[in-house]
Enquirer: 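One structure follows; several queries about it will come next.
Scope of the values below: all heavy atoms of this structure, side chains included, with no hydrogens, waters or symmetry mates. Note that this is a predicted model, so its numbers are computed, not measured.
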6 protein chains.
Amino acid sequence: MVVKVGIAKLGNIASGVMAELLLDERADREDMQTFMATSGTKLQPEDIDRVVSTMKAWEPDFCIVVSPNGVLPGPVGARDELLKAGIPCVVITDDITTKKEGWEALKASSFGYIIMKADAMIGARREFLDPVEMADFNGNLVKVLALTGAFRKLQTELDKVIDQVKEGKKGADLVLPKVVMTSDKAVDGEFSNPYALAKARAAYEIAQAVAGVNVKGCFMTKEWEKYIPIVASAHEMMRQAAALGDEAREIEKAGNGIIRKPHKKDGTIVSKITLISKPE
Amino acid sequence: MVVKVGIAKLGNIASGVMAELLLDERADREDMQTFMATSGTKLQPEDIDRVVSTMKAWEPDFCIVVSPNGVLPGPVGARDELLKAGIPCVVITDDITTKKEGWEALKASSFGYIIMKADAMIGARREFLDPVEMADFNGNLVKVLALTGAFRKLQTELDKVIDQVKEGKKGADLVLPKVVMTSDKAVDGEFSNPYALAKARAAYEIAQAVAGVNVKGCFMTKEWEKYIPIVASAHEMMRQAAALGDEAREIEKAGNGIIRKPHKKDGTIVSKITLISKPE
Amino acid sequence: MVVKVGIAKLGNIASGVMAELLLDERADREDMQTFMATSGTKLQPEDIDRVVSTMKAWEPDFCIVVSPNGVLPGPVGARDELLKAGIPCVVITDDITTKKEGWEALKASSFGYIIMKADAMIGARREFLDPVEMADFNGNLVKVLALTGAFRKLQTELDKVIDQVKEGKKGADLVLPKVVMTSDKAVDGEFSNPYALAKARAAYEIAQAVAGVNVKGCFMTKEWEKYIPIVASAHEMMRQAAALGDEAREIEKAGNGIIRKPHKKDGTIVSKITLISKPE
Amino acid sequence: MVVKVGIAKLGNIASGVMAELLLDERADREDMQTFMATSGTKLQPEDIDRVVSTMKAWEPDFCIVVSPNGVLPGPVGARDELLKAGIPCVVITDDITTKKEGWEALKASSFGYIIMKADAMIGARREFLDPVEMADFNGNLVKVLALTGAFRKLQTELDKVIDQVKEGKKGADLVLPKVVMTSDKAVDGEFSNPYALAKARAAYEIAQAVAGVNVKGCFMTKEWEKYIPIVASAHEMMRQAAALGDEAREIEKAGNGIIRKPHKKDGTIVSKITLISKPE
Amino acid sequence: MVVKVGIAKLGNIASGVMAELLLDERADREDMQTFMATSGTKLQPEDIDRVVSTMKAWEPDFCIVVSPNGVLPGPVGARDELLKAGIPCVVITDDITTKKEGWEALKASSFGYIIMKADAMIGARREFLDPVEMADFNGNLVKVLALTGAFRKLQTELDKVIDQVKEGKKGADLVLPKVVMTSDKAVDGEFSNPYALAKARAAYEIAQAVAGVNVKGCFMTKEWEKYIPIVASAHEMMRQAAALGDEAREIEKAGNGIIRKPHKKDGTIVSKITLISKPE
Amino acid sequence: MVVKVGIAKLGNIASGVMAELLLDERADREDMQTFMATSGTKLQPEDIDRVVSTMKAWEPDFCIVVSPNGVLPGPVGARDELLKAGIPCVVITDDITTKKEGWEALKASSFGYIIMKADAMIGARREFLDPVEMADFNGNLVKVLALTGAFRKLQTELDKVIDQVKEGKKGADLVLPKVVMTSDKAVDGEFSNPYALAKARAAYEIAQAVAGVNVKGCFMTKEWEKYIPIVASAHEMMRQAAALGDEAREIEKAGNGIIRKPHKKDGTIVSKITLISKPE
Ligand SMILES: [Mg+2]
Ligand SMILES: [Mg+2]
Ligand SMILES: [Mg+2]
Ligand SMILES: [Mg+2]
Ligand SMILES: [Mg+2]
Ligand SMILES: [Mg+2]
Ligand SMILES: [Mg+2]
Ligand SMILES: [Mg+2]
């Protein structure tokens with residue numbers, strides 16, 4: 001059986017940049033296929049409609065709906081539409097836990113969700129953010145999410161849904177993830193050395209703190225002479241978070257302790273630690 | 001007028017991870033929209049067909065076809081199909097210039113192309129590459145492509161096509177990019193400080209050299225005790241390339257010399273150097 | 001005239017570790033003298049009484065009262081006592097702005113205050129914090145406060161009070177500082193290069209975020225297996241903040257742009273930038 | 001029983017910046033209390049007298065007299081005065097072992113002493129040393145003294161005196177420390193990994209070599225164009241020493257080998273190595 | 001018996017800078033002596049003749065002929081001349097394996113050879129290479145060759161020849177090394193930690209890639225505005241390779257795993273790992 | 001005219017490793033030639049005799065005699081012998097200025113000398129120093145001597161002698177260098193940025209301090225458990241000195257301020273600063 005995983009990307013967050021790759025890192029899995037469509041960076045009704053229609057037409061076993069700020073009308077409408085079409089959805093979004101009402105509604109709903117607290121907003125000011133700065137920030141953020149364990153947890157949760165489909169479950173019977181990805185959650189079980197874990201946890205906390213600084217720089221400060229240094233400092237924080245994630249991994253290398261959990265062709269996850277060894 | 005840019009992603013290369021984001025880094029452009037579909041990491045006929053059909057149905061003004069090894073039957077078939085449907089295509093691929101025949105054919109064709117020589121193959125061995133390692137490698141590679149100027153060059157070439165559409169050109173009248181992205185090409189005009197440029201050039205060269213090492217580790221070495229250290233060393237090279245790209249940018253910061261070229265809402269590109277200033 | 005500056009240290013925060021040194025960095029000022037007494041790390045009534053009595057006996061022109069959590073009964077009692085004795089007080093404390101009531105009272109009072117938001121609580125758990133870890137954390141925090149400009153702002157505010165005394169003002173006529181030391185406040189005017197400023201601002205934000213993590217680790221988590229990684233991650237954050245402050249200063253070195261503002265013997269502050277030059 | 005530890009700080013050296021904190025790093029010891037008074041950075045008779053009188057009035061069980069250059073009349077007078085009042089003294093000073101006569105006298109005396117050879121003189125030139133540079137240098141030096149083990153040795157020696165008081169000894173019966181803190185002495189027994197120890201030893205040696213450079217820059221060179229680069233180079237040396245101390249600790253982290261020796265509430269010292277463990 | 005090892009250096013490559021030192025690292029070997037003569041950086045017939053005559057006059061048991069580009073007439077003539085005089089030769093050269101004919105001839109000959117593939121050509125352009133740049137490049141390259149294991153392999157091969165002489169073999173009976181020093185060859189058996197090995201392998205690969213960049217900059221590019229950045233980037237690559245070699249060694253330190261193989265006085269090689277131990 | 005420069009290397013110091021290369025960094029000088037002979041690492045009479053005879057036979061215009069500890073009978077005898085043969089000599093040695101008598105004799109003699117104070121003794125203990133450690137130490141030391149300016153000063157002094165020969169002077173008429181290479185001497189005039197100079201000066205001071213530590217480890221400590229950490233710490237110091245030299249150069253890169261002084265073919269020295277420029 002080949003599970004069909006749809007991915008609807010509405011706008012961009014770093015967690016969505018490689019969601020489908022995380023599920024099949026060497027492109028050799030035979031138990032599932034993915035189809036992703038994205039509205040680019042836009043969240044207009046017609047953009048979203050295009051993505052949703054494409055997904056509905058493909059009839060995936062379940063659909064991942066990735067977007068920033070997943071309590072906005074756009075993403076909310078998209079998942080409602082997909083649900084109506086009988087497609088179970090897992091929402092992946094950056095932090096919406098401070099937006100009380102929307103967050104309560106999502107928690108109470110039948111949707112799955114993964115709230116990535118470190119997937120901080122970018123410093124989206126024209127005087128600062130050009131394509132190079134944007135890509136570099138996302139490169140750093142991808143490294144943070146990868147090296148702290150957050151990406152692994154996200155992947156594992158999605159794999160659990162795939163496994164259920166393979167076992168014959170479908171629609172409303174699927175148990176979907178309900179995860180707020182905190183620093184403690186992200187790093188849990190990912191490290192052999194406790195100082196590596198502490199560094200990764202610190203990296204995640206710093207990345208998480210970036211959001212507040214960019215919100216201040218993008219929405220709460222008017223004068224460009226003032227907001228430029230603010231968003232610039234937020235990107236320096238993210239660069240440092242990436243460096244710290246890297247330090248964590250270097251410590252694991254020093255102890256030959258990196259925990260690797262590749263997929264096999266049949267989708268099962270195997271595990272290994274010693275570098276020169278076969279995963280089991 | 002709103003230009004419709006289609007993006008067909010067949011399998012994954014780092015250059016494709018954020019192609020649509022490079023064109024609209026702050027999601028505020030009003031002169032174009034993008035629609036991307038991807039086959040995930042698969043290159044099977046049915047996967048490709050799904051993507052191509054989706055694109056054809058949308059009828060973009062032109063289409064970017066991103067894939068590894070763009071002389072394989074899959075990507076070649078996809079672009080032929082799109083061309084037949086009257087959709088001009090720009091091929092983005094990792095290095096195929098050593099694959100003589102396919103490369104000659106592409107050069108001679110009416111397709112545009114951007115060959116990203118530093119977008120090196122990943123160390124795709126199960127004993128080594130799990131989702132975390134995959135994401136970290138891509139984070140490093142994104143940083144290299146961003147910080148050396150390669151992404152800017154890619155974006156600029158695509159923007160030129162968009163501009164032509166805005167001027168009323170279409171189909172076969174569009175002048176499409178014909179670019180082999182070498183280290184010299186990537187760094188040209190991107191730096192205020194010549195040592196920053198030299199470091200970026202070095203980063204690009206190292207990234208480019210990764211490909212050969214991973215080819216050896218993935219295709220030319222049988223024993224896992226032998227290929228694991230090889231692919232591991234390739235990833236260490238890429239990590240170092242990213243570090244060197246970072247050094248280049250830090251030098252530019254020290255001279256307050258980072259060249260920023262953001263898009264305006266109408267898609268025009270403005271430019272600035274001094275951090276605390278407005279782009280013009 | 002020689003101004004008498006009393007310093008009452010009740011318990012420890014990094015801002016107090018070298019308050020008297022900041023006022024007379026080369027020990028050659030002839031216009032003022034300081035006398036400091038401290039209760040060590042204790043905040044018991046008798047400890048505080050000892051310090052307060054010593055200060056009252058010396059009859060300083062004004063007194064700096066440094067303590068953590070400056071809304072606790074101990075520090076509050078100490079400053080009330082000193083005020084009753086006619087000694088104007090400037091309160092220096094770590095962040096109390098989240099403790100609404102006490103903070104409102106302090107704002108409304110006649111006391112001066114300097115709230116050091118980055119002077120984060122230490123990871124005070126016996127399983128983690130021994131004398132070496134404590135000293136290293138404070139070394140890092142001293143570097144952050146120095147290199148971001150926070151210490152300079154603190155020193156300048158205190159120098160303004162000294163200057164008033166030299167001009168003949170005293171008691172209630174002294175205008176005392178009312179400063180919440182935010183990241184924007186700390187870095188303002190301290191850097192020649194805007195990226196150095198952005199890095200320093202980032203360092204300050206990270207240091208500030210340490211407080212929340214240590215509060216969680218010290219007061220909100222019961223199990224030692226859980227709180228050890230939390231406080232360890234907080235110290236990793238502070239180490240990274242110090243590294244970032246250091247990066248800021250290195251950038252200033254690269255541009256020969258470090259702004260130096262030493263005291264002269266008569267207490268006036270002179271200024272210089274180019275390293276090989278005389279301050280003016 | 002609560003031991004009373006007096007601390008008289010005359011002028012400043014880094015070893016004195018946190019002497020009282022080292023004895024009670026989490027402020028929860030119930031077996032002793034400290035009272036510290038300081039003359040600020042001044043060493044005038046009246047400044048010293050103020051400190052000495054305060055100490056005598058408090059009648060501590062013993063007194064630590066911290067100062068630079070502990071063979072100067074000021075510090076010598078202070079300890080003689082305290083001794084006359086029946087208060088045993090431990091002298092903490094930077095390196096005086098090259099000042100033959102004074103050193104011989106101290107060795108022969110009944111005073112305890114801890115000579116901190118790495119507590120190098122600062123680059124006290126107005127063209128260079130402002131409050132920020134001063135604080136940063138001391139931050140670096142605190143890190144060196146902490147991370148090499150020198151602070152632990154100092155603390156342990158003082159704790160031994162406290163223990164004697166708790167056992168009922170007093171006055172001339174107390175066995176006081178007689179320690180010259182060399183690099184070999186500082187690092188002894190502090191590290192699990194021998195390369196960490198070698199790095200810490202190197203850090204201490206570099207810090208120790210700073211003194212000679214600053215003496216040359218402060219006392220033996222007249223022209224400011226010449227002495228500025230000299231003292232600037234001394235501070236670069238100290239920055240590098242701190243970096244090396246940090247490398248040592250990172251190596252210990254990599255092996256989960258940091259040796260921690262916190263105080264318990266009753267003042268006993270417990271010990272642990274593995275991070276996630278209870279000290280014993 | 002004392003073996004006589006001659007070393008003829010014709011021009012310079014980094015592998016020759018310390019060939020004789022590698023054989024007797026503490027200058028206490030009693031079983032052999034070396035005599036080295038060099039033509040400086042020149043390869044003119046008379047320069048070579050001087051060196052060859054000196055060697056012939058000394059009558060070494062065998063001779064090492066070190067030069068760049070060991071298929072040039074100069075080095076070829078020198079070794080032929082020495083062979084004619086009955087002196088067995090081992091050729092050490094940078095990479096000549098791309099120079100097919102000369103390489104085949106050498107392989108087929110009775111000479112021994114060690115082809116050092118990472119001993120890359122320097123960026124020999126007057127606008128870039130002055131004595132400081134030259135020495136720094138060689139310092140980096142020496143570090144790469146040392147820290148990757150390449151120097152050890154070279155030394156071991158030469159020691160094997162010395163051992164044969166000690167056993168009584170001579171002239172054509174000596175089995176001479178036939179080694180192409182690839183990355184895999186260099187790192188083999190040199191590391192306790194597999195990530196250290198991977199980093200060293202990466203360092204070697206980067207150093208090897210420098211050659212192509214410098215060939216482009218020195219021989220294939222005419223305009224100085226173009227070739228300066230090219231050779232500058234090659235030196236940045238080598239600097240990074242040295243940094244990576246250093247990372248490898250630091251990882252080994254973290255695991256107390258550095259493999260040391262010193263010579264004893266009698267020339268035998270002993271071995272040890274734990275730092276605080278005697279070699280055996 | 002082609003000046004003949006002889007180089008007699010007796011034993012090894014880092015200053016001798018590339019003396020001849022410093023004089024002709026791109027091997028294209030037409031005004032001089034060098035001939036170097038070395039006794040390897042030995043200093044026995046017969047080894048020295050071999051070198052001296054070779055030199056005398058060649059009849060150079062002047063001879064550089066490089067050795068460690070240049071007041072030992074071996075090096076002293078060698079230069080006396082060469083002088084007797086009418087060959088003017090310049091002595092290059094590591095620090096002998098603490099060896100009073102020999103140093104006074106050399107100063108008073110007709111020999112030229114360059115005393116390289118940072119060319120510190122290596123940690124020559126079998127338990128520590130194998131060929132890899134030896135080469136890495138020398139790589140670091142070469143970097144220190146290059147990047148601090150010490151090598152340039154050495155080269156310039158030798159070039160001055162060559163220039164005199166070209167002007168027709170010879171024998172006793174040659175004015176030979178009389179230089180003690182202190183940190184101040186080494187860095188003088190080598191840097192555009194004063195912080196780069198300060199860092200280089202610090203690197204040189206640290207390297208210089210290595211000597212004392214290695215002397216203690218090699219000659220003054222008996223037990224191997226004790227001397228291993230001592231010599232290991234000395235090598236850590238040298239590694240840090242190299243890192244600091246590197247920092248100095250990176251600062252110069254950031255300001256596009258590296259001063260380059262290549263030789264032309266005719267031996268004249270030209271100069272440039274901006275990287276993309278021709279030397280003049
Ligand atoms: Mg985002
Ligand atoms: Mg592993
Ligand atoms: Mg605190
Ligand atoms: Mg001091
Ligand atoms: Mg531990
Ligand atoms: Mg070479
Ligand atoms: Mg030496
Ligand atoms: Mg230059």
Enquirer: Given a strict heavy-atom distance threshold of 4.5 Å, which part of Thr38(A) is in contact with chain B: side chain, backbone, both, or neither?
Expert: both
Enquirer: Of the non-hydrogen atoms in Lys143(A) and Asp136(B), which two are nearest, and what is the gap between them?
Expert: NZ-OD1, 2.7 Å
Enquirer: Look at Asn140(B), Asp47(B), Asn138(B) and state which one has the largest set of heavy-atom pairs under 4.5 Å with chain A.
Expert: Asn140(B)
Enquirer: Suppose a student defines contact as a heavy atom less than 4.5 Å from any heavy atom of chain A. Which residues in residues 151-158 of chain B would they list?
Expert: Phe151(B), Arg152(B), Gln155(B)
Enquirer: Does the side chain of Glu127(B) reach to within under 4.5 Å of the side chain of Ser277(A), using non-hydrogen atoms?
Expert: no
Enquirer: Count the heavy-atom pairs under 4.5 Å between each of Ala14(B), Ala242(B), Gly149(B), Ala146(B) and chain A, then report the option with the highest count.
Expert: Ala146(B)
Enquirer: Please classify the contact of Lys272(B) with chain A as side chain, backbone, both or neither, using a heavy-atom distance under 4.5 Å.
Expert: side chain
Enquirer: Give the intermediate values and the outcome of side chain to side chain contact (heavy atoms under 4.5 Å, CB included) for residues Val51(B) and Phe35(A).
Expert: CA-CA 8 Å; Val51(B) 171; Phe35(A) 182 42; 4.2 Å; yes
Enquirer: Quick check on Ile259(B) against chain A: is it the side chain, the backbone, both or neither that has a heavy atom closer than 4.5 Å?
Expert: backbone
Enquirer: Output, in order, the C-alpha distance, side-chain angles, deciding distance and verdict of side chain to side chain contact (heavy atoms under 4.5 Å, CB included) for Arg249(A) and Arg239(B).
Expert: CA-CA 12 Å; Arg249(A) 197 159 180 88; Arg239(B) 178 172 171 268; over 6 Å; no
Enquirer: Give the minimum heavy-atom separation between Pro262(B) and Asp130(A), together with the two atoms involved.
Expert: N-CB, 3.5 Å
Enquirer: Is Glu133(A) salt-bridged to Lys261(B), going by a charged N under 4.0 Å from an acidic O?
Expert: no
Enquirer: With chain B, which of Met36(A), Lys253(A), Met18(A) has the greatest number of heavy-atom pairs at distances under 4.5 Å?
Expert: Met36(A)
Enquirer: Could you tell me which non-hydrogen atom of Pro131(B) sits nearest to which non-hydrogen atom of His263(A), and how far apart they are?
Expert: CG-CE1, 4.0 Å
Enquirer: Taking C-beta and beyond as the side chain, do Arg50(A) and Gln33(B) meet within less than 4.5 Å on heavy atoms?
Expert: yes
Enquirer: For the residue pair Ala135(B) and Leu22(A), what are the closest heavy atoms and their distance?
Expert: CB-CD2, 4.2 Å
Enquirer: Is Arg125(B) in contact with chain A via its backbone, its side chain, both, or neither, using a 4.5 Å heavy-atom distance?
Expert: backbone
Enquirer: When you look at Ile228(A) and Leu275(B), which way does the side chain to side chain contact (heavy atoms under 4.5 Å, CB included) test go after all the steps?
Expert: CA-CA 8 Å; Ile228(A) 294 175; Leu275(B) 179 61; 3.7 Å; yes
Enquirer: Output the option from Val270(A), Thr54(A), Ile7(A) having the highest count of non-hydrogen pairs under 4.5 Å with chain B.
Expert: Thr54(A)
Enquirer: Would you name the heavy atoms of Arg260(B) and Phe128(A) that are closest together and state the gap between them?
Expert: NH1-O, 2.8 Å
Enquirer: Using non-hydrogen atoms only, which part of Glu280(A) is less than 4.5 Å away from chain B: side chain, backbone, both, or neither?
Expert: neither
Enquirer: Using modelled atom types and a 3.5 Å cut-off, is there a donor and acceptor pairing between side-chain atoms of Arg26(B) and backbone atoms of Leu129(A)?
Expert: yes
Enquirer: Less than 4.0 angstrom from a charged side-chain N to a carboxylate O is my criterion; do Glu225(B) and Lys278(A) meet it?
Expert: no
Enquirer: Who wins among Ile258(B), Val142(B), Val132(B) for the most heavy-atom pairs under 4.5 Å with chain A?
Expert: Val132(B)
Enquirer: What part of Glu46(B) is in contact with chain A, defined as an atom under 4.5 angstrom from a non-hydrogen atom: side chain, backbone, both or neither?
Expert: side chain
Enquirer: Give, as side chain, backbone, both or neither, the part of Lys226(A) having an atom under 4.5 angstrom from any heavy atom of chain B.
Expert: neither
Enquirer: Given a strict heavy-atom distance threshold of 4.5 Å, which part of Lys264(A) is in contact with chain B: side chain, backbone, both, or neither?
Expert: both
Enquirer: State which residues pass ring pair (Phe, Tyr, Trp, His ring centres under 6.0 Å) with Trp224(B); sequence neighbours excluded, sorted by chain then number.
Expert: none
Enquirer: Go through Arg126(B), Arg29(B), Glu190(B), Met134(B) and name the one with the most non-hydrogen pairs under 4.5 angstrom from chain A.
Expert: Arg126(B)
